[in-house]
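All chains are named by letter (A, B, ...) in the order of the sequence lines, taking the proteins before the strands, and each is independently numbered beginning at 1. What's counted below: heavy atoms across the whole structure, side chains too, no hydrogens, waters or symmetry copies.
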Number of protein chains: 2
Amino acid sequence: MDNKQYEQAMDRLKNNGVRITPQRQIILKYLIENDNHPTVETIFNVLDKTFPNLSMATVYNNLRLFKKLNLIIELPSIDGGYRYDFYDHPHLHATCDNCNKIIDIENPRFTEIEQELKDETREVGFKPTVSSISIHGICKECQVKLAKNK
Amino acid sequence: MDNKQYEQAMDRLKNNGVRITPQRQIILKYLIENDNHPTVETIFNVLDKTFPNLSMATVYNNLRLFKKLNLIIELPSIDGGYRYDFYDHPHLHATCDNCNKIIDIENPRFTEIEQELKDETREVGFKPTVSSISIHGICKECQVKLAKNK
DNA sequence: TTGGATGCAAAGCTTTTGCACCTTT
DNA sequence: AAAGGTGCAAAAGCTTTGCATCCAA
């Protein structure tokens, strides 16, 4: 794990007068170490194994808190729920509308594009924080799957 | 209203074997004529006035259908719900995380940027359809409001 | 020490579904 | 005439909240 990300996240909590609890630590660590864009339930199920008595409410409450502090971003899934992603460097998301998987796409030009989009919002007096940039469509695997079912 | 958008939407329904009902017509018309990014409830409340006995379930069902046909896009709001937007030409959304307002930002370069992002997903075998591109932050009005409350 | 955080359970929403009736094709 | 869609109400899910207890600072 990139420890710097974790330390910076802890600092952001401290600077906002938010207490550092084991629950907050493991949730953030999980999000930093995994780029699987988990649902709330996935996060809960995985962490509950090694941290019994963890409460779903705590996961919900803390995800909401982290989102407000711009530590994570929330990605809508076509299945109705949300997926969560630690907001490290901005990157492109490709969301499969068939299996709901979210794929990270890295590209050196992306930071530049994000900057350009943020600048555009500044022109109308907006104060940008994070970006949520997704391309919807069908992933490679599902294209094959869907073709077979015809 | 741009009638072409409406006609094209109707064609897309027909081509997919979907029946054209008055409910579908008024919901689509409403979304085409308004760029206020309404919630499900707003859509229901406005349309129910002139179309009594409209059912919330019908609004939900049809929004889901339109989304699947890529006629509209669904934008997550920090208040937990979603906002809907007729998917005409791609454009940038600035989402205020304080008042939940969504602002359309038009820029001639945007189509080009969207194309570039879609191309990036194609490189990993993805088949892109629509984009959902939002910059989160605080709008002009809320910046003033929040400064006053200090 | 003490205000904030957690866990549990209950409440509150939002969204979907079942079914009888109605409408488009 | 038949397949599909609608409205209503009930069910199902998801998310938040109240409160007693616990713990980080």
Using five base pairs at each end, measure the axis-to-axis angle across the helix from C/dT1-D/dA25 to C/dT25-D/dA1 and round it to 10 degrees.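 Helix axis angle between the two ends: 50°.
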Atom-to-atom span, [atom1] of [X] to [atom2] of [N] - whole angstrom:
{"X": "B/Tyr60", "N": "D/dA11", "atom1": "OH", "atom2": "P", "value": "19 Å"}
{"X": "A/Asn53", "N": "C/dA9", "atom1": "CG", "atom2": "C1'", "value": "14 Å"}
{"X": "A/Gln25", "N": "C/dT6", "atom1": "CD", "atom2": "C1'", "value": "14 Å"}
{"X": "A/Leu47", "N": "C/dT6", "atom1": "CG", "atom2": "P", "value": "13 Å"}
{"X": "A/Phe51", "N": "C/dT6", "atom1": "CZ", "atom2": "C1'", "value": "9 Å"}
{"X": "B/Leu28", "N": "D/dG5", "atom1": "CG", "atom2": "P", "value": "14 Å"}
{"X": "B/Ile26", "N": "C/dT23", "atom1": "CD1", "atom2": "C1'", "value": "15 Å"}
{"X": "A/Phe44", "N": "D/dC14", "atom1": "CZ", "atom2": "P", "value": "14 Å"}

Does [X] put a side-chain nitrogen or oxygen below 4.0 Å from OP1 or OP2 of [N]?
{"X": "A/Gln23", "N": "D/dC23", "answer": "no"}
{"X": "A/Arg24", "N": "D/dA24", "answer": "no"}
{"X": "A/Thr58", "N": "C/dG7", "answer": "yes"}

Check against side chain to side chain donor-acceptor pair (under 3.5 Å), B/Asn107 and B/His91: CA-CA 7 Å; B/Asn107 183 307; B/His91 54 269; over 6 Å; no
Is it the case that the side chain of A/Lys127 and the backbone of A/Arg122 share a donor-acceptor pair, with hydrogens and angles ignored and the cut-off at 3.5 Å? no
Give one of base, sugar-phosphate or nothing for B/Asn61, where a contact means two heavy atoms less than 4.0 Å apart. base
Heavy atoms only, 4.0 Å cut-off, all strands: where does B/Pro52 land among base, sugar-phosphate and nothing?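 Nothing, no nucleic acid heavy atom in range.
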Other residues, nucleotides, ligands: >12 heavy atoms within 6.0 Å of A/Glu41 CD: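 No, the 6.0 Å shell around CD holds no more than 12 heavy atoms from other groups.
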DNA chain D: 5'-proximal contact among A/Met56 and B/Leu54 (nearest heavy atom):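 Result of the comparison: B/Leu54.
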5' priority, DNA chain C, between B/Arg64 and B/Thr21 [closest heavy atom]: B/Arg64
Please confirm whether any donor atom in the side chain of A/Arg19 sits under 3.5 Å from an acceptor in the base of C/dG3, or the reverse.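 By the distance-only test, yes, there is a pair.
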Closest non-hydrogen contact found for B/Arg83 with B/His37 is CD-O, 3.1 Å
For B/Tyr84 together with B/Tyr60, are the ring centres under 6.0 Å from each other? no
Validate the cation-pi geometry between B/Lys140 and A/Phe126: distance from NZ or CZ to the six-membered ring centre under 6.0 Å, angle to the ring axis within 45°.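 Judged by the rule, B/Lys140 and A/Phe126 form no cation-pi pair.
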Distance-only side-chain donor-acceptor flag, B/Gln23 / B/Thr58, under 3.5 Å: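 On atom types as modelled, these side chains do not qualify, holding no pair under 3.5 Å.
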